[in-house]
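Convention: sequence-line order gives letters A, B, ...; per-chain numbering from 1. The structure displayed is predicted, hence computed values, not measured ones. Scope of the values below: all heavy atoms of this structure, side chains included, with no hydrogens, waters or symmetry mates.
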Protein chains: 2
Amino acid sequence: MTADKVITVRGDAELVARAGHLFAGARHEFVCAARDLDTWSQPEARRSVARRMPGPGASGLAVKKLFTPVALADEAARAHLREVLTTGVEVRISSTPLPHETIVIDRRVMILAGRDAPGPREYTVATSPTLVNGVYSLFAAAWDAATELTAYLRGDAPNLDDDSRAVLRALGAGYTDETAARHLGLSLRTYRRRVAELMDALEAGSRFQAGLRAGELGLTG
Amino acid sequence: MTADKVITVRGDAELVARAGHLFAGARHEFVCAARDLDTWSQPEARRSVARRMPGPGASGLAVKKLFTPVALADEAARAHLREVLTTGVEVRISSTPLPHETIVIDRRVMILAGRDAPGPREYTVATSPTLVNGVYSLFAAAWDAATELTAYLRGDAPNLDDDSRAVLRALGAGYTDETAARHLGLSLRTYRRRVAELMDALEAGSRFQAGLRAGELGLTG
DNA sequence: CCGGACGTGGCAGCTTGCTGCCACCGCGTT
DNA sequence: AACGCGGTGGCAGCAAGCTGCCACGTCCGG
């Protein structure tokens with residue numbers, strides 16, 4: 001039995017001081033998962049790290065960033081992400097919550113952030129191969145299940161109302177239009193209008209395509 | 001800055017000796033992610049742990065198990081999983097690889113297994129809250145994206161032939177039946193027969209449902 | 001009060017999807 | 001040759017989906 005250490009630091013400044021060199025040391029891959037873009041809220045910490053990071057496009061460094069839809073809340077964030085895309089960074093959106101920020105560098109080091117709380121934020125740095133590989137494979141699973149940012153923005157039916165969701169459920173249940181309409185208290189005409197609107201929103205040319213899109217976007221629940 | 005320890009043990013026996021009490025101490029939740037069912041290959045280790053685990057159904061202990069399709073390879077494994085289901089355990093299948101087994105108990109302890117390798121297997125046990133919470137949220141993301149075992153077994157279209165895939169692509173492309181049939185060199189009648197067969201295979205009552213299923217099962221590529 | 005915008009629903013007519021029936025063809029078996 | 005079998009395709013008819021048109025309400029802002 002052996003015992004490795006994991007380091008816990010409090011606050012961005014200490015993280016930069018203790019682990020900044022890890023960011024600079026990224027050789028092949030830099031992956032991170034986070035809820036939104038607010039991680040490095042302190043500008044000086046962000047700049048400090050950015051200065052040390054190699055250029056994303058250069059040197060064969062693959063950068064993958066996984067966010068939740070929260071990261072697309074305001075237009076500024078969208079613009080930022082679009083810009084990030086142009087530098088060769090892969091960005092995906094996961095429909096499931098990612099409350100704890102996770103960073104894995106070169107599959108050798110990982111940094112996990114504690115939940116937002118009053119006081120300085122806690123970061124935990126670990127290098128145990130088993131630990132890092134385990135986290136990495138979970139990240140990979142979440143990554144694979146997430147959708148490309150561009151696809152997400154394109155096919156996004158941003159906030160379809162409850163009506164549309166009800167229509168979606170009826171369609172997914174396999175009801176015929178007539179029973180679905182009756183079930184929803186709508187006329188056949190209106191129900192079909194709704195379906196047409198939905199298909200329009202999903203940019204689907206057929207009901208099959210609409211189902212496909214709905215499935216891809218995880219609108220089943 | 002503080003330093004927690006993570007414990008690494010080699011082999012099932014040592015894991016049971018060092019961490020067996022953690023299994024017994026599960027109070028609220030026991031989640032694990034693994035590639036297949038071979039984890040506790042050594043029967044004595046499996047039994048030793050099973051003996052210490054509280055009954056899954058009893059005592060409000062929620063048990064979640066996430067596997068890859070590999071876990072369904074042989075009929076014995078399927079039967080075992082079906083039996084497990086009856087004891088109140090939730091089982092889901094993730095289409096992405098999960099090379100490293102992960103266990104999280106009560107969101108307080110986690111155990112990560114190293115990749116299969118010659119010699120005794122390594123297990124890493126950690127209790128750092130930040131670490132455990134981070135891993136847990138990644139697990140949750142993978143879990144949410146996975147499909148229920150029953151749904152997976154039901155909707156499984158094991159090996160549909162190239163023709164069916166072509167039909168699927170035509171449907172996904174949004175072609176009308178006529179153009180799709182022409183495009184595939186089939187008569188309209190036959191094409192529709194194929195579509196009907198496909199919908200039958202997917203147990204879909206409408207084309208929308210078929211699209212949904214196809215999306216869920218990742219048959220788009 | 002009037003007029004317009006908007007959502008709804010009925011009607012009609014068209015397109016598309018769906019399927020039962022039958023006929024045909026190629027193939028291997030008897 | 002005769003037969004059955006499985007895949008194909010035409011035809012017909014029905015069911016379902018789709019949409020333009022118009023009419024009727026409601027809800028404003030004028």
Nearest to the [X] side chain among [options], which nucleotide is it?
X        : options                : answer
A:Arg194 : C:dT8, C:dG20, D:dG7   : C:dT8
B:Ala196 : C:dT19, D:dG9, C:dC11  : C:dT19
A:Arg207 : C:dC18, C:dC21, D:dG17 : D:dG17
B:Val195 : C:dC18, D:dC21, C:dC21 : C:dC18

Rounded off to whole Å, could you give me the [atom1]-to-[atom2] distance for the [X] and [N] pair?
X        : N      : atom1 : atom2 : value
B:Arg193 : D:dG10 : CZ    : C1'   : 10 Å
A:Leu198 : D:dC18 : CG    : C1'   : 15 Å
A:Asp200 : D:dC18 : CG    : C1'   : 13 Å
B:Leu188 : C:dT15 : CG    : P     : 15 Å
A:Glu178 : D:dA15 : CD    : C1'   : 11 Å
A:Phe208 : D:dG17 : CZ    : P     : 16 Å
A:Tyr191 : C:dC11 : OH    : P     : 21 Å
B:Asp177 : D:dA16 : CG    : C1'   : 13 Å

If you measure only the distance, is there a donor-acceptor pair under 3.5 Å linking the side chains of A:Gln209 and B:Tyr175? no
Can you establish whether the number of heavy atoms outside A:Glu197 located under 6.0 Å from its atom CD is more than 12? yes
Answer yes or no: does atom CD of B:Glu148 have more than 12 heavy-atom neighbours from other residues, nucleotides or ligands under 6.0 Å? yes
Any non-hydrogen side-chain atom of A:Arg35 less than 4.5 Å from a side-chain atom of A:Glu101? no
For the residue pair A:Arg207 and A:Val195, establish whether any side-chain heavy-atom pair is separated by less than 4.5 Å. yes
Side-chain (A:Asp200) to main-chain (A:Ala196) donor-acceptor, under 3.5 angstrom: no
By nearest heavy atom, map B:Ser187 and B:Ser206 onto DNA chain D; which one lands nearer the 5' end? B:Ser187
Aromatic rings B:Trp143 and B:Phe139: how do their planes relate, parallel, tilted or perpendicular, breaks at 30° and 60°? parallel
Hey, does the side chain of [X] come within less than 4.0 Å of [N]'s phosphate (OP1/OP2), counting only N and O?
X        : N      : value
B:Thr190 : D:dG7  : no
A:Arg192 : D:dG17 : yes
A:Thr176 : D:dG17 : yes

Got a minute to check which stems DNA chain C is part of, using Watson-Crick or G-U wobble pairs under 3.5 Å, three or more consecutive? C:4-30 with D:1-27
Do B:Arg189 side-chain and C:dG20 base share a donor-acceptor contact under 3.5 Å? yes
